[in-house]
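Index from 1, following the sequence.
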Amino acid sequence: MITFLLGLLLGGISGGGTYALTTDSHLALVVGGVVTIACWLGVAAVIFIDE
């Protein structure tokens, strides 16, 4: 559960920061989504490699 929340938090911060700097909502959505997915995949890879 903490991994899910951490991914959402990082995605929200990245998307919000992108929107604040560029005022482009579509770009902010893409950046937030990419960061969220990358966080989840990175944690999943660490868990998979650890086992």
Report task. Could you give me the CA-CA distance, side-chain angles and deciding distance for W40 and V35, then say whether side-chain contact (heavy atoms from CB on, under 4.5 Å) is met? Result -> CA-CA 9 Å; W40 288 339; V35 169; over 6 Å; no
Requested in this report: Nearest 0.5 Å please: distance from the CG atom of L41 over to the CZ atom of F48.
Outcome: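 With rounding to 0.5 Å, CG (L41) is 13.0 Å from CZ (F48).
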Requested in this report: List, by chain and number, the other hydrophobic cluster members for V30, where Ile, Leu, Val, Met, Phe, Trp and Tyr join if side-chain heavy atoms come within less than 4.5 Å, directly or indirectly.
Outcome: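 Cluster partners of V30: V34.
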Requested in this report: Let me know which of T23, D24, L27 forms a side chain to side chain contact (heavy atoms under 4.5 Å, CB included) with T18.
Outcome: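 Single pass found, and it is L27.
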Query raised in the report: What are the two closest heavy atoms between A28 and G15, and how far apart are they?
Result: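 Residues A28 and G15, closest heavy atoms: CB-O, 3.3 Å.
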**Report entry** Contact summary for T36 and G11, nearest pair of heavy atoms
**Finding:**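 Shortest heavy-atom separation between T36 and G11 comes out as OG1-CA, 3.2 Å.
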Query raised in the report: Mind checking whether V31 and L21 sit in one hydrophobic cluster, side chains of I, L, V, M, F, W, Y counted as touching below 4.5 Å?
Result: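 Each belongs to a different hydrophobic cluster.
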